[in-house]
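See below for the structure under consideration.
Atom set for the values below is all heavy atoms of this structure, side chains included, hydrogens, waters and symmetry mates excluded.
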Amino acid sequence: MAWNEEDDKKNIESEVEVKKTVLASSDTSDGVVDALKEVLGAQVVERRRARRWKIFFRFVYLTIFIGVLSAAFMSAEIDEVTVSDSVAVIRMQGTIGAQSEVDANEYVPLFDDIYADSRNKAVLIEMNSPGGSPVHAGILHDVIMKYRKQFPSIPVVVAVEDMAASGGYYIASAADKIVVDKASLVGSIGVISGGFEASELIEKLGVKRRLFIAGENKGFMDPFSPMSEQAQESWQAVLDETHQQFISAVKEGRGDRLTNDPQMFTGMVFTGTQALQNGLADELGYAQNLLNTEFSGLTPAYYTPYQEPWEKVAKQLGVELSASVKSWLYELR
């Protein structure tokens, strides 16, 4: 709603005329009318100032929001645009699985984009994952292997940070080379399925379980029912087959670099130094060092899963707010 000083004057005069009429009927003196007019005028001025400050702060907030939004879009464009031969950099950090940090549905299109761009001469995967879904890990492993065979001149290198364990190593094993830190955690080539059985506990408590199923094995994982021997054997067979798929993938990717370490496929985790000794890794190093040495002649092109614009802005605001709070807390020390 628009307003101006002329409107304020009209409002003051209207209010004063009403008061004058009331006061005149009460035989009130002109001095009181003048005082009333002065008070009303001061109130209007104060309200005008308050509105101006409100508009000012709204303008400031809008400017900040537009600035952050513009910075997010400019950052995204800068990351995606390269003008020379480049090394495609993908960061895989977190749990692997549907709607997790590393979701095959989001990462497979990145590899499609990378190999569709003739300027990309190498691929660097920054790996930091404890594992997760064997399905999503297997999909990403197979995609990397497929493109390695189609484009043998484009090396794929994985640089492990804290860990490449379980599904994380499943993916890493598809690379041409795996670089680790001496303290990185590597391996965990195994499959796990956990749970508990409390059938005897509820029996002691006098609780009777009611479970209705169609199919004799439909409830074999129910924690309040005993598992039959047949169900145990069937489930173990599923885990063994999944484990064998993992082993086959590692052997395909690593080839004769693997040693005969009896602990290699038992689910054991190794340090980066141990991984070099048993063939699970190739050399010591880290991502930035690779960019400065092996890929120094290439421009880094960062590929990240697509995010809606509002998600980018929310993340940017969250990072800036967190940094501001940390700085403020540090100053209070």
Check step by step if side-chain contact (heavy atoms from CB on, under 4.5 Å) holds for Ser225 and Leu211.
CA-CA 9 Å; Ser225 302; Leu211 181 66; 3.9 Å; yes
Steps toward side-chain contact (heavy atoms from CB on, under 4.5 Å) verdict (Ile178, Tyr169):
CA-CA 10 Å; Ile178 299 176; Tyr169 189 77; 3.7 Å; yes
Can you check side-chain contact (heavy atoms from CB on, under 4.5 Å) on Asn128 and Met163, steps first, answer last?
CA-CA 5 Å; Asn128 193 1; Met163 64 178 65; 4.0 Å; yes
Run the side chain to side chain donor-acceptor pair (under 3.5 Å) test on Asn292 and Gln288 for me, step by step, so that the C-alpha distance in whole Å, both residues' side-chain angles and the decisive distance to 0.1 Å come before the verdict.
CA-CA 6 Å; Asn292 294 336; Gln288 190 58 50; 3.3 Å; yes
Evaluate Tyr303 against Asn120 for side-chain contact (heavy atoms from CB on, under 4.5 Å), listing each step before the verdict.
CA-CA 11 Å; Tyr303 287 77; Asn120 290 322; 3.0 Å; yes
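Summarising the geometry, atom CG belonging to Leu290 is positioned 6.5 Å from atom CD belonging to Glu283; distances are rounded to the nearest 0.5 Å. Rounding to the nearest 0.5 angstrom, the gap separating the CE atom in Met127 from the CD1 atom in Ile171 is 4.5 Å. Summarising the geometry, atom OG belonging to Ser86 is positioned 9.0 Å from atom CD1 belonging to Ile114; distances are rounded to the nearest 0.5 Å. Interatomic distance, CD1 of Ile96 versus OH of Tyr107, reported as 10.0 Å (0.5 Å rounding). Note: Gln274 CD to Met264 CE = 11.0 Å, rounded to the nearest 0.5 Å. Atom CD of Gln277 is separated from atom CG of Asp261 by 9.5 Å, given to the nearest 0.5 angstrom.
Atom CG of Asp112 is surrounded by more than 12 heavy atoms from other residues, nucleotides or ligands within 6.0 Å. For Glu241, the CD atom is loosely surrounded, since the number of other residues' heavy atoms within 6.0 Å does not exceed 12. Enclosure of atom CD in Gln150 by more than 12 non-hydrogen atoms of other residues, nucleotides or ligands within 6.0 angstrom is indicated. Counting non-hydrogen atoms of other residues, nucleotides and ligands closer than 6.0 Å to CG of Leu205 gives a total above 12. Summarising the local packing, NZ of Lys251 is surrounded by 12 or fewer heavy atoms from other residues, nucleotides or ligands at distances under 6.0 Å.
There is a path of hydrophobic side-chain contacts, each under 4.5 Å, that joins Val135 to Val143. By the criterion of side-chain heavy atoms lying less than 4.5 angstrom apart, applied directly or through intervening Ile, Leu, Val, Met, Phe, Trp or Tyr residues, Leu284 is grouped together with Ile125 in one hydrophobic cluster. Both Val180 and Leu258 belong to a common hydrophobic cluster when Ile, Leu, Val, Met, Phe, Trp and Tyr are linked at side-chain heavy-atom distances under 4.5 angstrom. Residues Val158 and Tyr286 fall into different hydrophobic clusters, defined by Ile, Leu, Val, Met, Phe, Trp and Tyr side chains chained together at heavy-atom separations under 4.5 Å. Hydrophobic cluster membership is shared by Leu280 and Met268, with clusters built from Ile, Leu, Val, Met, Phe, Trp and Tyr side chains linked at under 4.5 angstrom.
Distance alone, capped at 3.5 Å, is enough to place a donor-acceptor pair between the Arg254 side chain and the Gly279 backbone. Although no hydrogens or angles enter the test, the distance criterion places no donor-acceptor pair under 3.5 Å between the side chain of Ser129 and the main chain of Thr95.
Note: Phe246 and Tyr170 have parallel aromatic rings, judged against thresholds of 30 and 60 degrees for the angle between ring planes.
Nearest heavy-atom pair, Ala165 versus Ser188, reported as atom, atom and distance to 0.1 Å: CB-CB, 4.0 Å. For the pair Ser173 and His141, the tightest heavy-atom approach, listed with the atom from each and the gap, is OG-CD2, 3.5 Å. The nearest pair of heavy atoms linking Ser166 to Pro130 is CB-O, 3.7 Å. Minimum interatomic distance between Ala231 and Met227 (heavy atoms only, all atoms of both residues): CB-CG, 3.7 Å. The two residues Gly94 and Glu101 make their nearest non-hydrogen contact at CA-CB, 3.9 Å. Taking all atoms of both residues into account, the shortest heavy-atom contact from Ser133 to Gly97 is CB-CA, 3.8 Å.
Looking at Val156 and Tyr147, their side chains never come closer than 4.5 Å, going by heavy atoms from C-beta outward. Using a 4.5 Å cut-off on side-chain heavy atoms (C-beta onward), His243 and Leu239 make no contact. Counting heavy atoms from C-beta on, the side chains of Arg91 and Thr304 never come closer than 4.5 Å. The closest side-chain heavy-atom distance from Gln244 to Val191 is not below 4.5 Å. Considering only heavy atoms from C-beta on, Val102 comes within 4.5 Å of Leu140 through its side chain. Annotation: side chain of Glu294 is in contact with side chain of Lys177 (closest heavy-atom distance under 4.5 Å). With a 4.5 Å cut-off on side-chain heavy atoms, Gln263 and Phe270 count as touching. At least one side-chain heavy atom of Met221 sits under 4.5 Å from a side-chain heavy atom of Ser193.
A salt bridge does not link Arg209 to Glu197: none of the charged side-chain nitrogens sits closer than 4.0 Å to a carboxylate oxygen.
Side-chain N/O atoms of Gln99 and Asp103 include no donor and acceptor closer than 3.5 Å.
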